[in-house]
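Quantities reported herein were computed from a predicted structural model and do not represent experimental measurements. Below, read A as the first sequence line, B as the second, and so on, with proteins coming before strands; counting in each chain starts at 1.
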There are 2 protein chains.
Amino acid sequence: MSSSAGSPDSGGIPDIAGNGNGSGQPGTAANGRPLPEATIARLPVYLRALYSLSERGVSTVASDELSAAAGVNSAKLRKDLSHLGSYGIRGVGYDVDYLVYQVSRALGLTQRWPVVIVGGGNLGRALANYGGFVNRGFKIAAILDSDRGLIGRRIGDVAVRHVSDLEDVVAMNKVVIGVIAVPAPAAQGVCDRLVAAGVTSILNFAPLVLKVPDGVDVRKVDLSIELQILAFHARRRSAVRVERVPEDEQVPEEESV
Amino acid sequence: MSSSAGSPDSGGIPDIAGNGNGSGQPGTAANGRPLPEATIARLPVYLRALYSLSERGVSTVASDELSAAAGVNSAKLRKDLSHLGSYGIRGVGYDVDYLVYQVSRALGLTQRWPVVIVGGGNLGRALANYGGFVNRGFKIAAILDSDRGLIGRRIGDVAVRHVSDLEDVVAMNKVVIGVIAVPAPAAQGVCDRLVAAGVTSILNFAPLVLKVPDGVDVRKVDLSIELQILAFHARRRSAVRVERVPEDEQVPEEESV
DNA sequence: CGCCGTTTGTGAACGGATGCACAAAGTCCA
DNA sequence: TGGACTTTGTGCATCCGTTCACAAACGGCG
Ligand SMILES: NC(=O)c1ccc[n+]([C@@H]2O[C@H](COP(=O)([O-])OP(=O)(O)OC[C@H]3O[C@@H](n4cnc5c(N)ncnc54)[C@H](O)[C@@H]3O)[C@@H](O)[C@H]2O)c1
Ligand SMILES: NC(=O)c1ccc[n+]([C@@H]2O[C@H](COP(=O)([O-])OP(=O)(O)OC[C@H]3O[C@@H](n4cnc5c(N)ncnc54)[C@H](O)[C@@H]3O)[C@@H](O)[C@H]2O)c1
């Protein structure tokens with residue numbers, strides 16, 4: 001059933017109070033369908049650009065400017081935003097603060113999500129100190145580690161606690177997002193405990209593929225994978241250059257001027 | 001222990017010398033077309049799974065197993081690998097060590113890429129200490145920082161140098177890959193210097209969109225973006241659950257939409 | 001030697017994402 | 001008030017990536 005989902009316009013006023021989104025369901029586009037995954041991944045980038053504009057006192061921005069700041073095609077930006085509702089003004093652009101609000105709401109950042117970080121080593125410390133953490137809709141519920149030498153040490157404004165507190169921390173703070181920054185051999189075990197405790201979203205920095213049950217969302221960050229992708233393109237580039245340049249002047253020793 | 005030395009008796013492996021790839025051009029598939037971007041991004045994951053198998057002494061692996069270890073569909077794995085050439089044996093699977101070699105070669109990891117890290121703060125230190133760095137085809141040419149208090153300090157087995165050495169380091173070591181781990185306001189400036197010095201591939205950890213000329217490749221890693229994407233899905237999940245089960249669950253009623 | 005079970009490699013159908021190009025909708029100024 | 005100008009929102013064609021499903025290829029066994 002369903003088929004053509006109603007007509008695009010029924011009222012006429014672009015609903016300031018409403019959510020531009022008939023279904024109260026979060027995570028759905030104005031047309032009732034879920035937001036495209038690719039759009040979701042770009043919204044945080046737009047949001048960051050918008051914050052930057054807002055801080056600089058810019059009150060209105062056109063899709064050309066905003067898309068340039070976000071590093072994407074302007075048509076793509078407009079289509080992405082159109083999925084949230086019709087929040088632009090033709091001939092003018094978008095109201096920066098209003099768009100910040102709408103994008104934040106679409107991403108579910110009207111609340112502050114408590115996050116638990118497991119692993120207080122080099123990486124865990126870097127993450128916990130990261131400003132973009134606290135300033136962007138999240139708060140650190142706890143940093144956990146198994147090394148008793150680290151317990152009590154303050155990172156940012158949170159003290160490291162022992163990993164045996166994991167279940168308590170998750171339950172008490174209703175944590176649903178966890179970050180794994182422990183060595184690879186310990187990661188799956190930590191993951192299992194997080195999931196058992198109720199965490200449904202995991203950001204994994206350990207270099208292995210985590211096994212999780214359905215309904216649990218895992219994203220990964222891996223420096224070496226990123227570098228390998230870069231290396232691939234770098235080699236292709238240099239090979240093409242060698243192909244083109246006749247053998248004499250390969251490796252350019254760089255101009256001296 | 002490793003059983004890698006035990007070469008299975010002769011004769012099994014197809015074309016060790018050849019590359020199964022007519023065009024000598026790196027970065028092209030067996031059919032001459034460039035490798036799909038999505039495939040390139042997965043090859044490092046396969047490679048990691050293969051290393052793990054190899055270390056465990058497994059000599060042969062079928063696409064089902066390998067794809068499970070890599071967390072992807074088995075048809076996808078086979079299609080990805082088929083772009084590199086025909087390196088499997090029907091009815092048997094893939095020779096692990098041989099596939100390690102082929103995937104490494106496809107990614108351009110037969111050489112060791114020198115990488116320069118700019119920013120020796122919390123994050124830069126975590127990255128420099130990361131084992132997956134040195135063990136996976138890369139070496140740290142230098143860690144650079146502007147803070148004179150950090151100069152000379154050893155991280156891993158590299159001493160921090162002043163950022164004014166940037167151009168020298170890049171030129172002397174023929175560095176083409178750079179990692180940016182400085183505060184956001186300094187990132188574009190560092191990026192410009194890297195590019196001017198000859199770096200064509202950049203991994204950016206600072207939370208902003210870098211502007212680079214054509215021909216320069218930028219990848220970014222951003223914790224807060226990853227968390228925001230996770231938050232989006234987390235909220236959708238919990239909203240759906242609330243929709244279904246009003247808080248204190250009652251008799252599960254049939255869904256009606 | 002021929003058959004059987006296994007696994008690869010890929011043709012084909014599908015769905016999602018991208019980007020062009022333009023009509024509709026708005027502003028602003030004379 | 002009206003017309004020129006700007007910018008949004010989107011239809012559409014295209015491209016890329018995923019997945020199914022199966023014939024071809026292989027080893028092994030009786
Ligand atoms: N994705 C990336 O770009 C990237 C970069 C650097 C490091 N890493 C990975 O991140 C992880 C952490 O790196 P690091 O440099 O911080 O390592 P680290 O050794 O400095 O820190 C690891 C911490 O985890 C703690 N730990 C170990 N087992 C634990 C357990 N079961 N429960 C709780 N805590 C435990 C240790 O006590 C230690 O403090 C490693 O898996 C590393 O490979 C990833
Ligand atoms: N992507 C992520 O997940 C993530 C996580 C944490 C931090 N970060 C970002 O990474 C960057 C570094 O974070 P951090 O925690 O290490 O910060 P930090 O303050 O600990 O370290 C930054 C270092 O950069 C140095 N620096 C500043 N300007 C420089 C310049 N012009 N040239 C060379 N060095 C310079 C400083 O002296 C300092 O040592 C920041 O942009 C931060 O926002 C990203």
| message | Looking at D:dT7, I'd like to know if its phosphate oxygens (OP1 or OP2) sit under 4.0 Å from a side-chain N or O belonging to A:Tyr87. | response | no
| Nearest to the side chain of B:Ala38 - C:dT27, D:dT10, D:dT18? | D:dT18
| query | Within this structure, what is the NE2-to-C1' distance between B:His83 and D:dT18, rounded to whole angstrom? | reply | 12 Å
| query | Contact class for A:Arg33 vs. all strands (heavy atom < 4.0 Å): base, sugar-phosphate, or nothing? | reply | nothing
| said: Can you give me the closest heavy-atom contact between B:Val199 and B:Val176, atom names plus distance? | reply: CG1-O, 3.4 Å
| request: Provide, to the nearest angstrom, the distance between the CG atom belonging to B:Leu99 and the C1' atom belonging to C:dT8. | output: 13 Å
List, with names and distances, any nitrogen or oxygen atoms from the protein found under 3.5 Å away from nitrogen or oxygen atoms belonging to nucleotides 22-24 of chain C.
| from | atom 1 | to | atom 2 | distance (Å) |
| --- | --- | --- | --- | --- |
| C:dA24 | N3 | A:Arg90 | NH1 | 2.8 |

| Modelled atom types, side-chain donor and acceptor of B:Arg48 and B:Ser52, under 3.5 Å | no
| Residues from residues 46-77 of chain A lying under 4.0 Å of DNA chain C - heavy atoms | A:Asn73, A:Ala75, A:Lys76
| message | Looking at B:Ala196, is its backbone amide N or carbonyl O close enough to the side chain of B:Asp192 to form a donor-acceptor pair, meaning the two atoms are under 3.5 Å apart? | response | no
| request: May I have the distance from A:Asp95 (atom CG) to C:dG26 (atom C1'), rounded to whole angstrom? | output: 15 Å
| query | Is there a side chain to side chain donor-acceptor pair (under 3.5 Å) between B:Ser201 and A:Arg237 once you walk through the steps? | reply | CA-CA 10 Å; B:Ser201 301; A:Arg237 252 196 310 274; 2.8 Å; yes
| field | d(CG, A:Leu81; P, D:dT7) in whole Å | value | 16 Å
| request: Identify the two heavy atoms, one from B:Ser238 and one from B:Arg235, that lie closest to each other, and give their separation to 0.1 Å. | output: OG-O, 3.2 Å
| Distance, rounded to the nearest Å, where B:Glu37 contributes CD and C:dA17 contributes P | 17 Å
| request: Locate the shortest heavy-atom distance separating B:Ser104 from B:Leu47; write the atom from each residue and the value. | output: OG-CD1, 3.6 Å
| request: Mind calculating the distance between CD1 (A:Ile40) and P (C:dA17) to the nearest angstrom? | output: 9 Å
| Is the shortest heavy-atom distance from the side chain of B:Asn204 to the side chain of B:Val179 under 4.5 Å? | no
| Does the side chain of A:Tyr94 get closer than 4.0 angstrom to OP1 or OP2 of D:dT6 through an N or O atom? | no
| query | Do the side-chain N and O atoms of B:Tyr98 and B:Gln102 include a donor-acceptor pair separated by under 3.5 angstrom? | reply | yes
| task | Using a cut-off of 6.0 Å, state whether more than 12 heavy atoms not belonging to A:Arg33 lie near its atom CZ. | result | no
| task | Confirm from the modelled atom types if A:Lys79 and C:dT18 form a donor-acceptor pair under 3.5 Å, side chain to base only. | result | no
